[in-house]
Amino acid sequence: MKWISSILFGGLSLLAAAGSGAQSAQGIYSQYQDRIYQIRLIELASGSKASIGSGFQVSPEGLIATNYHVIADAVYEPDKYRIEFIDTRGRSGQLSLLEIDVIHDLALVKHSEPARDGFLQLAGQLVQQGEELYSIGNPRDLGMTVVKGTYNGMLEHSFYDRILFSGSINPGMSGGPTLNEAGKVVGINVATAGNQLSFLVPVKQLQHLLDAHDVTRVSPFKERILEQLLQNQSEQLGDLLQGEWPLLSIGDAKVAAELAKFTPCWGGSSDDDKALYSVYYTRCFSEDKLYLTSSFSTGVINYEFYWLESEELDSWQFYTRYQNSLMGAMPVNNTSKKHVGNFRCHNDFVVNSASVDSAEPTPRHWKSVLCARQYKDYPGIYDLLYIAASVNDSHKGLVSHFVLSGVSKPLGLEFAKKFMEHIQWK
Amino acid sequence: MEVIVELVSRSHKPIERQRISGERCTIGRAFDNDIILTEAHVSPHHAVLEEDELGQWWLIDCDSKNGLKNRRHRSLSSPVKVSSGDEFVLGKLRLKFYSPNHPVADALGLEFSENTIYTLSQPLRFALFLFFSILLFAGYEYIQTFNELDLREFLPRVLATPLAGLLWAAIWAVAGRLFRHEPRFIAQCIVSFCYLLLMQLAEILIQTVVFNTGSLWLSNVLLYFLYGGLLVVLLSFNLRLATHQVRLGRMITANVLAWGLIATLWLFTVFSQPEFSNQPEYSGMLQPPVMRWRRSVSVDEFQQAADFIFEPAVD
């Protein structure tokens, strides 16, 4: 199933009713609402709020958990924003940022005046599918809201653990807690795809963050982000680089099929009546974008193959059409010149030999392009883009393409090598 | 006395000549003159040209209303000494006087290109030339068509190029009519069509080079220099057919115009290039396998050569 997640303080989705079961929801709300806050980023120059989210207290010392994306702009531009909270009684105060986890979209902030009332406890055991959960947060700055919904297991096609919560979470509720009937936190509100399709960060990730949190640590946040990105990609790509890749047939070639559950593949063919050629394609991509700031995301893996063939076209005509498939490759992550440099590309003919059916491998020639652009804040991390077209035949050809965003040079090149060599021919 | 009287235009080009023999040569609007000038500012008996015993020519004003002026419109006092080749203004007309032994320049050789243009300008040959040119334009468009041929869409694309060529030729024909009093439209058409065919050839050539080298830099250099060079050739032919400019002048005009235009385009592309682009810049040019001459490298060699893409960008 294809879903499109949108970060909760962006996008436009309809406000949904809070659902039934008012008594239980009422009980949960009245019991725990004093531990839940609206988190605001205040722009210092104008003195007014720039974005909002939610958060909840997780320790008697005044530690508050929220999403990284709620406070991300304060990480990138600490001189431009300050983080504030408002509780349900309207009291406000300043928060200081302690720890972040960009991979799981979590952050820990702390009260300026510690030892306030109570805190929420984290659930220890797993939840059963169908169990009722209560999500709390402040949607669109309309006031603290409790939403009833159902736990529906973990997302299948995501590299990162995400709970599928069937209930309406809306922008502004990001970072708020989702509680079980015992009032313990099972997840942190993070994203929605609309229509009661909402996503939570499992509470175990928050537990990891709390355990790993070192009060004496003073390294800049961007250094921690770099560490987390490197660690994460070595796990993610490490999995993909292990072992033989499963293959699927497209035209005369066999190419990479679904390499992992988090890179689901979709396929199709062109059906233009007037076209004198056929195109078949398969596209595999991860939906897991890592949010770094509102103008910068990374962590995307995307690879695709196009098979083009024609019996009717002359070879010049075919190649005119064929080159259109090689042109205009784009990265898929969202970014700007503040965060990345321009792409640099290398372009040449590459030969490799591979065969499936015939015993003698035949040399296959490719017109190959490899491009990289550097992350300005994270030295050694790149967006890597590869696209190649086979140039052996006059009337058929295969375009192979991948994009890795946020990858180190050695891992990127290792992946590129495997990708360039894995294709087999009938 | 034997004298050749030449009526010249304001740009000093001869309009008509008459050879006069006799004691004297009378000039004026009246019909009893040797040279009759039908122009309202010329008096009926305006002037007379006479030769003295030493063989020197004199131009004498016959009390005319507007008198005699030199080529710069300065009034002259009669009689005026006249040497072969001198120019005078009478009323609003310009006259030049030559002796029969006045030297003339050596004949210019007809150039090969001029001969070719003349050969092609004959109606049947020109028709054939047009036909084959349009066939080549159509062929060029055809290799770029990969959907079912739709004539309503295909024909305008094919005809757009020759129409542009005809328009260009027409503009130069008007210029030729103005400067040389001859339009030479067919010759201008041949020049424009040859230019357009060469442009298409240049485009395919550049594509082949880019397909093989993958170098956008080389592609741009070739593009500017080939297109600029062809434009110089086009303009110098256009100028030769339409104006009286000498070879050096023609070359200067053509080069200044062509390279000025190319430089403007280049500057425009440089300045309109955004500082940051989300899209990688690479050449995706592909041509059929027969056009590939460059050797392929191995995957490892490719990756080694690609090492520079990881270097920090120069901002």
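Letters A, B, ... mirror the listed sequences (proteins, then strands); counts begin at 1.
If you measure heavy-atom distances from A:D348 to chain B, the contacts under 4.5 Å come from both the backbone and the side chain. For B:E275, the parts lying under 4.5 angstrom from a heavy atom of chain A are both the backbone and the side chain. Of the atoms belonging to A:S336, it is backbone heavy atoms, and not side-chain ones, that fall under 4.5 Å from chain B. For a residue to count as touching a neighbouring chain, one of its non-hydrogen atoms must lie under 4.5 Å from one of that chain's; by this rule B:Q303 touches chain A with the side chain only. Only the side chain of A:L313 comes within less than 4.5 Å of a heavy atom of chain B; its backbone N, CA, C and O stay farther away. Contacts of B:S283 with chain A are made by both backbone and side-chain atoms, with heavy-atom separations under 4.5 Å. For a residue to count as touching a neighbouring chain, one of its non-hydrogen atoms must lie under 4.5 Å from one of that chain's; by this rule A:L370 touches chain B with backbone and side chain alike.
A:T282 places no side-chain N or O within 3.5 Å of a backbone atom of A:F305 that could act as its donor or acceptor partner. Within the 3.5 Å criterion, the main-chain N or O of A:Y386 finds a donor-acceptor partner in the side chain of A:H401.
Taking the six-membered ring for Trp, B:W266 and B:F225 have ring centres at least 6.0 Å apart.
If you tally non-hydrogen atom pairs under 4.5 Å between each of A:N347, A:V391, A:L384, A:L385 and chain B, the highest count goes to A:N347. When A:D393, A:D314, A:D272 are compared by the number of non-hydrogen pairs under 4.5 Å with chain B, A:D393 comes out ahead. When B:N212, B:L149, B:V290 are compared by the number of non-hydrogen pairs under 4.5 Å with chain A, B:N212 comes out ahead. For the options A:F349, A:Y382, A:W366, heavy-atom pairs under 4.5 Å to chain B are most numerous at A:F349.
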Could you go through residues 274-281 of chain A and list every donor-acceptor pair under 3.5 Å that involves a side-chain atom there, pairing it with any protein atom two or more places apart or in another chain?
{"unit_1": "A:Y277", "atom_1": "OH", "unit_2": "A:R321", "atom_2": "NE", "d": "3.0"}

Which atom pairs, one a donor and one an acceptor, fall under 3.5 Å between side chains of residues 122-129 of chain B and the rest of the protein, sequence neighbours left out?
{"unit_1": "B:Q122", "atom_1": "OE1", "unit_2": "B:R125", "atom_2": "NH1", "d": "2.8"}
{"unit_1": "B:R125", "atom_1": "NH1", "unit_2": "B:T119", "atom_2": "O", "d": "3.3"}

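Of all residues spanning residues 324-331 of chain A, those with a heavy atom less than 4.5 Å away from chain B's heavy atoms are A:N324, A:L326, A:M327, A:G328, A:A329, A:M330, A:P331, arranged by number.
Side chain to side chain, A:R373 and B:N278 meet the donor-acceptor criterion of an N or O pair below 3.5 Å. Donor-acceptor pairing under 3.5 Å is recorded for the side chains of A:T298 and A:Y375. The closest side-chain donor-acceptor pair between B:Q273 and B:E281 falls under 3.5 angstrom. For B:T269 and B:Y224, the side-chain atoms include at least one donor-acceptor pair closer than 3.5 Å.
Applying the ring pair (Phe, Tyr, Trp, His ring centres under 6.0 Å) test to A:W316 and every residue at least two apart in sequence or in another chain returns nothing.
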